[in-house]
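What follows is one structure encoded as structure tokens, with my remarks underneath.
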Amino acid sequence: MAPPGVRLFNSASRQVEPFVPLVPGQAGIYDCGPTVYDWQTIGNLYRYIVSDVQRRTLEYLGYRVKAVMNITDVGHIVGDVDEGEDRMMLAAKREGRDPETLAHKYTEQFMDDRRKLNILEPHVMPKATEHVPEMIHLIKRLIDTGHAYVAADGVYFDIATFRGYGTRLAGELTQDLVAGARVDVNPNKRNPADFALWRAAKPGDLQVWDSPWGRGNPGWHIECSAMSMKYLGETFDIHSGGEDNLFPHHESEIAQSEAATGKPFVRYWTHVRFLKVDGGAMHKSAGNAYLLKDLESWGFEPLAFRMLVLNNKYRQPLDFTRAGLASAQNRLDRWRGIVRDAWQATGGTPIDVSPDDPRRTTFVASLTDDLNTPAALAQAEAVLDLAATGDVATKRHALEVLFDMDQVLALSLRERASDADLSAEERAALAERDDARKKGDYKRSDELRAELERRYGIRVKDTKDGTRWERVRRRGA
RNA sequence: GGCGACGUAGCCAAGUGGUAAGGCAGAGGUCUGCAAAACCUUCAUCGCGGGUUCGAUUCCCGCCGUCGCCUCCA
């Protein structure tokens, strides 16, 4: 059975298109991974939440997805820094550690943040440093086919040999660049816009490899071509990244990949807009390049950030503000409360949803419309209303539908509801308090209520349908 | 300067050629021993000015405003 159609915005055509995978029912996705030289900001994490929704949507619809995300653990030159410096090297100096240790540390932290945000692990997570032979092989192919040339300080891709370089996604390019207007022209290049495939080692380089062109290190773009093609084939379905990757990174990937293979490289390019903060750009120098741990220190849970992201269409710029995050947290808290109450009212429920449930249908329609998550949230909220107001059978059904939807939303609705189970001790305390209250001993009952919150972190609520309770979440200022 | 995006209620945010989803906050109410939660009700004519149309928030033009990129091997 073919999965339902999805429509995705393709940067290559600049319009929303039906997604038609190479192999029916399957999808190969390559996600441009981070350079692991520091903590990842919420801007980066935002990007991966969007990728996660994309992947989860495809899987929810029945596609068999192969998800690949690279780890860039090779440094690449930073623009306005002394020559020869790169990110890994700067970080290594900063922390007094070797690049390998550093990469390991920040990869772990990144994966940790991802888990907190319910971002699924990629099936394959190739590291650049472990794929230098593949890159060298690809560079050889480019030299052999006349698309690359060896110069004094490395190997360059000759953009004159690839028609349309820089216009496949970005659309504009590069009069300025070609003319060398904004950058000093490197005399070793045939064309100022030629990009490096391999760089000759310079004194002080911490990461160098042997190659047919001497010791050196690979260019930035070549790693993604080499690794994506290795794990997904020379043509694959989806390549995603941030809008900052459009040019030069992805344009260069297209050029070098298609020049080498003579085949189309990627069928669908999907790009996420930059995250803004308080209405403006996020910059480390501006002090607003927040980390997930910052949000947590303010008393928010990571999934509140996910909720905030879901409330926005990924192709609209998302403006991160603390007030917005608080709003998302409140919204999530309400969801949690309703789910928890319904869970307690129904005694839990198995997940078993009819695929043609009408609520599910509209939910799917929202997602397949280029991942319209705000609309999907509204659909889920219609079901939430049933969970809040329906009779027991309705609540049970609503929970089933919500948990089903949560396979895409990934807000841990079920986990949090069932996690709320009581220990025997807590159960006894709760029963004792109930007992006192029924007898009209409000003094004792109130004491026990305070006790429950203080000792167990359990807040008691008396409703007309019986006593409900919840775990108290600590909330900072 | 070049390229691009956006401007919907206090805030966030969908959407459509036929008078605008959802959420947060607020207000009123129900329930309740108290508390908390939940629930109910309430809260916009879509930046401004033209045009096209039977009809525009949705299409076109102009203006105003806000923002992003053009600083990661070019």
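Below, chains carry the letters A, B, ... as their sequence lines are ordered, and counting in each starts from 1. Not measured: the values here are computed from a predicted model.
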Do [X] and [Y] form a cation-pi contact, if we require the NZ or CZ to be under 6.0 Å from the six-membered ring centre and within 45 degrees of the ring's axis?
{"X": "A:Arg437", "Y": "A:Tyr442", "value": "no"}
{"X": "A:Arg273", "Y": "A:Tyr314", "value": "no"}
{"X": "A:Arg215", "Y": "A:Trp209", "value": "no"}

Over all strands shown, is [X] touching base, sugar-phosphate only, or nothing at heavy-atom distances under 4.0 angstrom?
{"X": "A:Phe195", "result": "nothing"}
{"X": "A:Arg433", "result": "base"}
{"X": "A:Ser252", "result": "nothing"}
{"X": "A:Ala281", "result": "sugar-phosphate"}
{"X": "A:Gly280", "result": "sugar-phosphate"}
{"X": "A:Gly279", "result": "sugar-phosphate"}

Provide, to the nearest angstrom, the distance between the [atom1] atom belonging to [X] and the [atom2] atom belonging to [N].
{"X": "A:Arg437", "N": "B:A36", "atom1": "CZ", "atom2": "P", "result": "14 Å"}
{"X": "A:Leu308", "N": "B:G22", "atom1": "CG", "atom2": "C1'", "result": "15 Å"}
{"X": "A:Leu275", "N": "B:C12", "atom1": "CG", "atom2": "C1'", "result": "14 Å"}
{"X": "A:Asp333", "N": "B:A36", "atom1": "CG", "atom2": "C1'", "result": "13 Å"}
{"X": "A:Gln316", "N": "B:G15", "atom1": "CD", "atom2": "C1'", "result": "12 Å"}
{"X": "A:Leu377", "N": "B:C12", "atom1": "CG", "atom2": "C1'", "result": "12 Å"}
{"X": "A:Phe9", "N": "B:A5", "atom1": "CZ", "atom2": "C1'", "result": "11 Å"}
{"X": "A:Lys438", "N": "B:G33", "atom1": "NZ", "atom2": "P", "result": "14 Å"}

Confirm from the modelled atom types if [X] and [N] form a donor-acceptor pair under 3.5 Å, side chain to base only.
{"X": "A:Asn311", "N": "B:G22", "value": "yes"}
{"X": "A:Asp446", "N": "B:G33", "value": "yes"}
{"X": "A:Asn312", "N": "B:C12", "value": "no"}
{"X": "A:Arg449", "N": "B:C34", "value": "yes"}

Considering only side-chain heavy atoms of [X], which listed nucleotide, [options], is closest?
{"X": "A:Arg334", "options": "B:A14, B:G22, B:C24", "value": "B:C24"}
{"X": "A:Asn372", "options": "B:A38, B:A14, B:A35", "value": "B:A14"}
{"X": "A:Tyr442", "options": "B:C39, B:G33, B:G68", "value": "B:G33"}
{"X": "A:Arg331", "options": "B:G23, B:C39, B:C34", "value": "B:G23"}
{"X": "A:Ala378", "options": "B:G22, B:C69, B:G33", "value": "B:G22"}
{"X": "A:Lys461", "options": "B:A21, B:A37, B:G23", "value": "B:A37"}

On a whole-Å scale, what distance lies between the [atom1] atoms belonging to [N] and [M]?
{"N": "B:U45", "M": "B:A20", "atom1": "C1'", "value": "8 Å"}
{"N": "B:U19", "M": "B:U58", "atom1": "C1'", "value": "12 Å"}
{"N": "B:C12", "M": "B:C46", "atom1": "C1'", "value": "16 Å"}
{"N": "B:U41", "M": "B:G23", "atom1": "P", "value": "11 Å"}
{"N": "B:A27", "M": "B:G10", "atom1": "C1'", "value": "13 Å"}
{"N": "B:G18", "M": "B:G22", "atom1": "C1'", "value": "23 Å"}
{"N": "B:A56", "M": "B:C48", "atom1": "P", "value": "15 Å"}
{"N": "B:U53", "M": "B:A44", "atom1": "P", "value": "32 Å"}

Is there a Watson-Crick or G-U wobble partner for [N] with both distances under 3.5 Å, and if so, which one is it?
{"N": "B:G33", "result": "none"}
{"N": "B:G1", "result": "B:C70"}
{"N": "B:G10", "result": "B:C24"}
{"N": "B:U58", "result": "none"}
{"N": "B:U45", "result": "none"}

Are [X] and [Y], when compared by the centres of their aromatic rings, separated by less than 6.0 Å?
{"X": "A:His250", "Y": "A:His271", "value": "yes"}
{"X": "A:Trp269", "Y": "A:Tyr30", "value": "no"}
{"X": "A:Phe195", "Y": "A:Tyr165", "value": "yes"}

* To do: Using the closest heavy atom to pick a nucleotide of RNA chain B for each, name whichever of A:Val460 or A:Asp319 lands nearer the 5' end.
  =>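 The residue mapped nearer the 5' terminus is A:Asp319.
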
* Asked: Of A:His283 and A:Ala196, whose nearest nucleotide on RNA chain B comes first from the 5' end?
  ->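 Going by which nucleotide is closer to the 5' end, it is A:His283.
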
* With a 4.5 Å heavy-atom cut-off, do A:Lys461 and A:Asp341 have their side chains touching? -> yes

* At under 4.0 Å, does any side-chain N or O of A:Arg459 touch on OP1 or OP2 of B:A35? -> no

* Using a cut-off of strictly less than 4.0 Å, decide whether A:Asn330 has a side-chain nitrogen or oxygen near OP1 or OP2 of B:A25. => yes

* Geometric class of the A:Phe305/A:Phe320 ring pair [parallel <30°, tilted 30-60°, perpendicular >60°] -> perpendicular

* Asked: Within a radius of less than 6.0 Å around NZ of A:Lys127, do more than 12 heavy atoms belonging to other residues, nucleotides or ligands occur?
  ->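 No - once you tally the heavy atoms of other residues, nucleotides and ligands closer than 6.0 Å, there are 12 at most.
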
